[in-house]
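First comes the structure, then the notes that go with it.
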Amino acid sequence: MGGGLLVAGTTSDAGKSVVTAGICRWLVRRGVKVAPFKAQNMSLNSFVTREGAEIGRAQAMQAQAARVEPTALMNPVLLKPGSDRSSQVVLMGKPVGEMSARGYHGGRQEALLGTVTDCLEQLRSTYDAVICEGAGSPAEINLRRTDIVNMGIARAAKFPVLVVGDIDRGGVFASFFGTTALLSAEDQSLVAGYLVNKFRGDVSLLEPGLDMLYGLTGRRTYGVLPFTHGLGIDEEDGLRVSMRGAVRESVVAPPHGEEVLRVAVCAVPLMSNFTDVDALAAEPGVVVRFVDRADELADADLVVVPGTRGTVKALAWLRERGLADALVRRAAEGRPVLGICGGFQVLGERIEDEVESRAGVVDGLGLLPVRVRFDRAKTLARPVGSALGEPVEGYEIHHGVADVRGGEPFLDGCRVGAVWGTHWHGSLESDGFRRRFLVEVARAAGRRFVPAPDTSFGVLREEQLDRLGDLVEEHADTDALWRLIEGGAPGGLPFVPPGAPPAVPGAGALDSRGAAPDPAPQSPEGLDFAGSAASRGEGLEIAGSAGLGQEAEHHVDQEAK
């Protein structure tokens, strides 16, 4: 049975995803057969595996770091927020229904522990090591009883836990101490130590604090990773990363031709797979920014309407902000617009939605001769084709079925003048197609922009992953990390008071230190998602008033932005 490690975090966006990827890349370079794992992921950035399963895009990126093919085993539970109160539950790569926080945390999440541990055990039987990523913070004391992604999975697998803290936010020592001190004695016994992320300055100035932290907790710090620009790789919903320019986030490379090309991405609500534009930002001379005002489209050479988990909601948002009228004017003037997935649906004539928003028939922007009907079954595919004379690969994740009634064929969608629409995510990662597409955009925009002939998005991505591996190898105690992965948490780690608080009356069967009981394993078939709704493919309407767990606030904040 392979060893493993759980990478937890003091907060959301502490760097768990990239640290997990960095450890995977470091291990595979030293000859270790390694796989990533995240029991439960909340994300609107997802990916389709070759077997047709939908998983978090961060886990697909981590699989690439480990140089293995991503599978549903690596992310058995994916939550895709549809609002601040409900999410679509994707189990083993397939949607099983919509659930509120209260419904999910009211027992159904806990019942999934057997499923996720089965997936983890399958990975452990195949790989030398499995590097797990936690979610949010392991010290979410209100959710510990039903936790299956942080200490719940660590306890089940007896994995050591490395807690990552983002020192760039401040308060990292308090966060490390408080995270540990809010865990039960049983959970604390697995917390091996800490990893500081995004440190700026002289490490020697930090060392006295690390020594004091050791004195307070009895746990060492396994490394201090420096703040590093340009690591814009796929995280769960790292919009802040992509807004700084995605792959080349800090500095846009000089243009290969005479002028730059400006790309504006409409930051629609519930935006999904905005990583589609990372490949554009990788091109020298292409400036990518996210916008939410009509006047910000004025100087854009290309406007991208990206995917969204709420197509009708995104359409209303575009109209409320004047962006819809600006897009219509652009189309009339022959200025380029690209719609991807939900953005493609928005550009069509009509949307019939009795599934996602249940809004019925809604008029689209009418820029493309397309009518969309939402189906309860979700399309999950990895299409291959060609466009503009170049081969293209992509992936599809959508409920909307497009009836294309004219225009020039473009992937599975169409083109009318300078307006393009497709359901294919990831198509711009195909280098030849991306260059030809940018030539078309530059011509329509009247820009003297020439794409560089040798930009390879795949090579750039590999360079980013190697840089993550370098960070771990150069700034972490890798010998000590390997001992953790191979042998588990050190024995005799001290208890840090006060520990988890006593059980709240009516909150469920917690023990006096807040440890979760061991639920009986259940298979996916054993779960009751509102009776037979999953088998019927029907969405679940369960009222609730809470967010959906460790990272809900993060997603709500992103929607507000």
Side-chain angles (χ1 to χ4, degrees), residues 1-11 14-16 19-20 23 27 34-40 110 113-114 116-117 119-121 123-124 129-141 143-165 175-196 213-214 216-223 476-477 479-501 510-519 521 550:
M1 187 67 68
L5 175 72
L6 174 71
V7 178
T10 57
T11 63
K16 299 181 296 292
V19 168
T20 300
I23 292 174
L27 286 172
V34 59
F37 178 77
K38 185 161 186 173
Q40 172 192 293
E110 189 176 2
L113 182 59
V116 301
T117 54
C119 291
L120 179 56
E121 292 308 298
L123 292 174
R124 293 182 71 185
V130 180
I131 307 303
C132 305
E133 180 189 344
S137 163
E140 302 285 351
I141 54 179
L143 303 175
R144 176 60 185 93
R145 181 180 63 85
T146 57
D147 170 47
I148 64 171
V149 65
N150 288 307
M151 301 312 300
I153 196 69
R155 286 270 294 276
K158 297 181 173 59
F159 273 2
V161 178
L162 182 70
V163 182
V164 177
S175 297
F176 283 145
F177 180 86
T179 297
T180 308
L182 279 176
L183 300 178
S184 69
E186 294 85 351
D187 286 350
Q188 285 192 27
S189 69
L190 294 175
V191 176
Y194 314 110
L195 185 76
V196 177
L213 182 65
Y214 178 80
L216 289 166
T217 67
R219 289 159 174 84
R220 58 167 298 182
T221 299
Y222 284 79
D477 186 340
D479 289 339
L481 277 179
W482 178 245
R483 287 194 295 271
L484 280 183
I485 292 167
E486 197 173 34
L493 292 169
F495 173 72
V496 180
L510 291 164
D511 67 24
S512 62
R513 305 303 299 179
D518 294 326
Q550 292 98 329

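The minimum heavy-atom distance between Phe159 and Val130, with the atom names listed, is CE2-O, 4.0 Å. In terms of heavy-atom proximity, Gly193 sits nearest to Tyr222 at CA-CE1, 3.9 Å. Scanning all heavy atoms of the two residues, the minimum distance from Pro490 to Ala192 falls at CD-CB, 3.9 Å. Between Thr10 and Ser137 the shortest heavy-atom distance is O-CB, 3.5 Å. Nearest heavy-atom pair across Ala14 and Gly9 is CB-CA, 4.4 Å. Heavy-atom minimum distance, Pro36 versus Leu123: O-CD1, 3.9 Å.
Counting heavy atoms from C-beta on, the side chains of Cys132 and Leu120 come closer than 4.5 Å. Considering only heavy atoms from C-beta on, Leu493 stays 4.5 Å or farther from Gln188 through its side chain. Residues Leu216 and Val496 are not in side-chain contact: their nearest non-hydrogen atoms beyond the backbone lie 4.5 Å or more apart. At least one side-chain heavy atom of Leu162 sits less than 4.5 Å from a side-chain heavy atom of Leu481. Side-chain contact between Val164 and Val7 is present, with at least one heavy-atom pair separated by less than 4.5 Å.
Here the side chain of Arg219 pairs a donor or acceptor atom with the backbone of Pro494 at under 3.5 angstrom.
Interatomic distance, CH2 of Trp482 versus CG of Leu27, reported as 6.0 Å (0.5 Å rounding). Atom-to-atom distance recorded for Asn150:CG and Gln40:CD is 9.0 Å, nearest 0.5 angstrom. Note that OG1 of Thr217 is 13.0 Å distant from CZ of Phe495, once rounded to the nearest 0.5 Å. Note that the CZ atom of Arg144 and the CG atom of Leu183 stand 8.0 Å from one another [nearest 0.5 Å]. Arg220 CZ to Leu195 CG: the interatomic distance, rounded to the nearest 0.5 Å, is 10.5 Å. With rounding to the nearest 0.5 angstrom, the CD atom of Glu133 is 12.0 Å from the CG atom of Leu5.
Evaluation of the ring pair (Phe, Tyr, Trp, His ring centres under 6.0 Å) rule for Phe176 yields Tyr194 as partners, not counting sequence neighbours. Under the side chain to side chain donor-acceptor pair (under 3.5 Å) criterion, Arg483 pairs with no residue, sequence neighbours left out. Taking Leu190 as the reference, Met151, Ala154, Arg155, Val161 meet the side-chain contact (heavy atoms from CB on, under 4.5 Å) condition, with sequence neighbours excluded.
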